[in-house]
Amino acid sequence: MTIRSLAIIGLGLLGGSIGLATKARAPHIATTGWDRDPAVRARAAERGLADTIADTPEAAVAGADLVILCVPVGAMGEAARAIAPGLKPNAIVSDVGSSKAAVAAALAEALPQATIIPAHPVAGTEQSGPDAGFATLFAGRWCILTPPEGCDAGALQALSDFWTQLGSKVELMDAAHHDLVLAVTSHIPHLIAYTIVGTASDLEDVTQSEVIKYSAGGFRDFTRIAASDPVMWRDVFLSNKGAVLEMLGRFTEDLTAMQRAIRSADGDALFDLFTRTRAIRRAVIEQGQDDERPDFGREHGD
């Protein structure tokens, strides 16, 4: 199967970046975009996020070989139902959601006859909206595909090839396993960031704004993560609550152990943990998921 036309439903950070990356790296693929917000559609047209900006979801997907839903995971079912009347029989329907089991179920229910291959490009920023997208967002990043049982091999290869063309490294994974892995690597870190920044906000009156005034690098990184799209992350936690709660329970146990080590002045336990976690940081750099520039590559001028 060859993908010659792409429909992008939702033109925020990920949808816009897919459109720009396709234009830059796979210009032979014709792109059509749609967003439920007329103002977003207008801005997407100004930025050229797709070759054509459609007025309706049905028109956007008409004739498309590949349809990618770039909406919050809680809205996947609604978006799938909206495109159903215009979807051609052999089109591939995919998505970019951060949780996969719930999305796969929602898409299968809404589009029982469609070829559905859920996907998760593990890339993003704290920005959102049609001005946030850029063509290199997926370069060198993983895109995890979670094909269902009996998935059409040609369609799976075509989708894998598409993401490879955008610069991604493609991995296949079971949907439930994906949700457990991402709960550890993405969802729990975001939950911690939202919580610690919320705690700091509650303390602002007590500290007379010193929390913000004297923010160190660690807290600033938490605020960057906590600035992510609240609708998207609300839906992620609700759709992946089983895996999140399982990992949150494990994290709570580990946090209690840390609390115990500090209370009992167990310096050896603290040192051992910090040594192990330092090694994880080095492994992340070796895998090309970050770089080793000082201060996370922040620019400080001359």
Side-chain angles (χ1 to χ4, degrees), residues 1-97 103-121 129-130 133 135 138 143 145 147-148 151-163 165-166:
M1 180 177 180
T2 301
I3 294 172
R4 297 184 178 88
S5 55
L6 164 68
I8 305 166
I9 305 300
L11 296 168
L13 168 65
L14 291 175
S17 295
I18 290 172
L20 293 172
T22 302
K23 281 190 171 187
R25 304 181 70 119
H28 60 283
I29 298 177
T31 57
T32 303
W34 180 82
D35 194 282
R36 66 185 304 173
D37 186 339
V40 171
R41 295 201 298 271
R43 182 57 181 149
E46 292 173 356
R47 288 202 66 206
L49 299 185
D51 298 327
T52 304
I53 303 299
D55 293 326
T56 67
E58 302 99 305
V61 304
D65 298 318
L66 170 62
V67 178
I68 302 181
L69 303 178
C70 304
V71 300
V73 292
M76 289 291 177
E78 178 186 356
R81 287 186 289 273
I83 67 170
L87 199 64
K88 74 176 187 178
N90 59 340
I92 301 169
V93 178
S94 191
D95 75 301
V96 295
V103 167
L107 296 184
E109 181 181 358
L111 301 169
Q113 304 303 318
T115 300
I116 297 168
I117 308 177
H120 177 204
F138 310 108
C143 182
L145 308 184
C151 177
D152 181 270
L156 179 59
Q157 187 61 58
L159 184 61
S160 177
D161 290 344
F162 171 78
W163 279 107
Q165 288 178 86
L166 299 199

Tell me, do [X] and [Y] make a side-chain contact under 4.5 Å, heavy atoms counted?
X: T22; Y: I8; result: no
X: V93; Y: T115; result: no
X: V103; Y: H120; result: no
X: P148; Y: I116; result: no
X: I18; Y: W163; result: yes
X: L49; Y: R43; result: no

Closest heavy-atom contact between [X] and [Y]?
X: A54; Y: T32; answer: CB-CG2, 4.0 Å
X: A64; Y: A91; answer: O-CB, 3.4 Å
X: I53; Y: A44; answer: CD1-CB, 4.0 Å
X: A26; Y: Q165; answer: CB-OE1, 3.6 Å
X: A79; Y: L69; answer: CB-CD2, 4.3 Å
X: A80; Y: A110; answer: CB-CB, 3.6 Å

[atom1]/[X] to [atom2]/[Y] distance, rounded to the nearest 0.5 angstrom?
X: S94; Y: I92; atom1: OG; atom2: CD1; result: 8.5 Å
X: L111; Y: L107; atom1: CG; atom2: CG; result: 6.5 Å
X: I9; Y: D95; atom1: CD1; atom2: CG; result: 12.5 Å

Go through the steps to decide whether R47 and L20 satisfy the test side-chain contact (heavy atoms from CB on, under 4.5 Å), and finish with yes or no. CA-CA 9 Å; R47 288 202 66 206; L20 293 172; 3.7 Å; yes
Can you name the residues that form a ring-ring contact (aromatic ring centres under 6.0 Å, His included) with F162, not counting sequence neighbours? none
Polar side-chain atom of S17 near backbone of L13 as donor-acceptor pair, under 3.5 Å: yes
Side-chain donor/acceptor of D35 to backbone N/O of R41, under 3.5 Å: no
Under 3.5 Å, is there a donor-acceptor pair linking the side chains of D161 and Q157?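 Yes - a donor-acceptor pair under 3.5 Å links their side chains.
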For R81 and E78: C-alpha separation, side-chain torsions, deciding distance, then whether salt bridge (Lys or Arg N to Asp or Glu O under 4.0 Å) applies. CA-CA 5 Å; R81 287 186 289 273; E78 178 186 356; over 6 Å; no
Contact list for residues 62-74, test side chain to side chain donor-acceptor pair (under 3.5 Å), sequence neighbours left out: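 Output for this query lists S5-D65, D65-K88.
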E109 atom CD, neighbour heavy-atom count above 12 within 6.0 Å: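 Result for CD/E109: open.
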Check the pair L66, I29 against side-chain contact (heavy atoms from CB on, under 4.5 Å), reporting the backbone distance first and the verdict last. CA-CA 10 Å; L66 170 62; I29 298 177; over 6 Å; no
